[in-house]
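Scroll down for the structure; my scribbles are underneath it.
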Amino acid sequence: MQQTIPDGYRVDARGRLIPEAQIKPIDLARDQLVRDIVNGASKLATELQAFKRGAFDDIEALVELSADQYGVKLGGKKGNVQLVSFDGRYKVLRAVADRITFDERLQAAKVLIDECLNDWTDKGPGELRVIVQDAFDVDKAGNINVGKILSLRRHKIDDERWKRAMDAIGDAIQVIGTTPYIRVYERIGDSDKYRLLSLDLAGA
């Protein structure tokens, strides 16, 4: 049940009612600033969600309209689409990225790779041990970096155990879903290059 806050009081982080008269002005100013920023961010987040849904719907409507000209009905998984404005100044990319994880066969790959590293010692590429250890490190949530694991397959090493390990990594790949996204680009001056219009707060 939500606590009723009497006039002239604030609730602190421990859930206690504190008279505003006892709160330092700087603490009140800080509280107000945080609330203003959060309210602004919440409004922007809602607007971005609405923009994203609308953009996906509009792109799909255009794709279907284009297909209708050839008597084609599209269905199934939505694919990548690139749309360019008539003057070539703007570009919109709708893409679908697979969400990838690994099954238990990744552990077999790790064992084979460790055998290689232990046997090679000074004979093999010394930096590879660091690369492998970094690839198999997990983040705070216990997740493995998919890109780092897959990057191991770029190393062409003529050792049957390494080759079997790379096969095991390939077999361990599991697609658990897809993530659609939209990127918006603007042409840089009169060049043939485009810059990404950032919709991310950190990159804005």
Side-chain angles (χ1 to χ4, degrees), residues 1-60 77-78 80-81 90-107 109-111 113-114 127 129-152 169 172-186 188 194-204:
M1 188 173 65
Q2 190 171 3
Q3 182 180 11
T4 301
I5 304 174
D7 290 341
Y9 283 80
R10 298 282 184 98
V11 176
D12 70 4
R14 295 165 61 181
R16 301 174 302 178
L17 283 172
I18 307 295
E20 287 186 352
Q22 295 180 12
I23 303 174
K24 296 177 181 179
I26 188 63
D27 292 334
L28 291 172
R30 184 187 308 108
D31 178 75
Q32 188 60 52
L33 175 61
V34 170
R35 292 179 185 278
D36 289 344
I37 292 174
V38 169
N39 287 338
S42 178
K43 181 180 177 182
L44 281 175
T46 301
E47 292 173 352
L48 274 174
Q49 290 168 3
F51 166 76
K52 181 179 178 181
R53 286 193 300 269
F56 274 115
D57 290 344
D58 291 344
I59 291 172
E60 188 56 31
K77 184 178 179 181
K78 304 296 188 291
N80 297 350
V81 176
Y90 303 105
K91 182 169 63 174
V92 175
L93 173 68
R94 182 194 73 184
V96 180
D98 289 333
R99 293 202 307 275
I100 294 174
T101 188
F102 298 98
D103 64 22
E104 77 286 348
R105 286 170 283 193
L106 185 65
Q107 300 304 315
K110 180 65 163 60
V111 171
I113 291 171
D114 285 343
E127 72 277 5
R129 182 179 294 274
V130 176
I131 293 172
V132 169
Q133 290 172 343
D134 182 52
F136 280 91
D137 279 346
V138 297
D139 60 21
K140 293 181 180 178
N143 299 314
I144 283 180
N145 187 305
V146 172
K148 289 181 179 179
I149 292 292
L150 295 179
S151 70
L152 295 176
I169 288 175
I173 295 172
Q174 299 289 316
V175 178
I176 58 174
T178 58
T179 301
Y181 62 89
I182 288 177
R183 287 181 177 156
V184 181
Y185 299 86
E186 180 180 25
I188 301 174
Y194 288 81
R195 65 167 163 262
L196 178 67
L197 298 182
S198 178
L199 299 177
D200 173 32
L201 188 62

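Keep in mind that what you see is a predicted model, and the values were worked out from it rather than measured. Note that these values count all heavy atoms, side chains included, but never hydrogens, waters or copies made by symmetry.
Every side chain to side chain contact (heavy atoms under 4.5 Å, CB included) that Lys91 has, sequence neighbours left out, goes to Gln82, Val84, Tyr185, Tyr194.
Within the 4.5 Å cutoff, side-chain heavy atoms of Ile113 are placed close to those of Leu152. No side-chain heavy atom of Leu93 sits under 4.5 Å from any side-chain heavy atom of Ile182. No side-chain heavy atom of Phe102 sits less than 4.5 Å from a side-chain heavy atom of Gln174. Taking the side chain as every heavy atom from C-beta outward, Asp114 and Val111 never approach each other to under 4.5 Å.
Shortest non-hydrogen contact noted between Leu196 and Val184 is CD1-O, 3.4 Å. Closest of all the heavy-atom pairs between Ala97 and Tyr181 is CB-CE2, 3.9 Å. Closest approach of Val146 and Ile100 over heavy atoms only: CG2-O, 3.3 Å. Taking every heavy atom of both residues into account, Ala135 and Ile149 meet most closely at O-CD1, 3.4 Å.
From Asp134, atom CG reaches atom CD1 of Ile131 across 8.5 Å, with rounding to the nearest 0.5 Å. Atoms CG and CG, on Leu150 and Asn145 in that order, are 9.0 Å from each other to the nearest 0.5 Å. Annotation: the span from Leu197 atom CG to Arg195 atom CZ amounts to 7.5 Å, rounded to 0.5 Å.
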| request: Test side-chain contact (heavy atoms from CB on, under 4.5 Å) on Ile144 and Leu106 and set out the steps. | output: CA-CA 11 Å; Ile144 283 180; Leu106 185 65; 3.6 Å; yes
| query | After noting the C-alpha distance and the side-chain angles of Val11 and Arg16, does the key distance pass the side-chain contact (heavy atoms from CB on, under 4.5 Å) rule? | reply | CA-CA 5 Å; Val11 176; Arg16 301 174 302 178; over 6 Å; no
Less than 3.5 Å apart, which donor and acceptor atoms pair up between the side chains of residues 32-55 and the rest of the protein, not counting sequence neighbours?
| from | atom 1 | to | atom 2 | distance (Å) |
| --- | --- | --- | --- | --- |
| Gln32 | NE2 | Asp36 | OD1 | 2.9 |
| Arg35 | NE | Asp31 | OD1 | 3.1 |
| Arg35 | NE | Asp31 | OD2 | 2.9 |
| Asn39 | ND2 | Arg35 | O | 3.1 |
| Thr46 | OG1 | Ser42 | O | 3.1 |

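In terms of modelled atom types and a separation under 3.5 Å, the side chain of Arg94 and the main chain of Asn80 share no donor-acceptor contact.
Applying the 6.0 Å contact sphere to OH of Tyr9 captures no more than 12 heavy atoms from other residues, nucleotides or ligands.
Applying the side-chain hydrogen bond (donor to acceptor under 3.5 Å, both in side chains) test to residues at least two apart or on different chains, the pairs with a partner in residues 18-30 are Arg10-Glu20, Asp27-Arg30.
Taking the charged nitrogens against the carboxylate oxygens, Asp12 and Arg14 have no contact shorter than 4.0 Å, which rules out a salt bridge.
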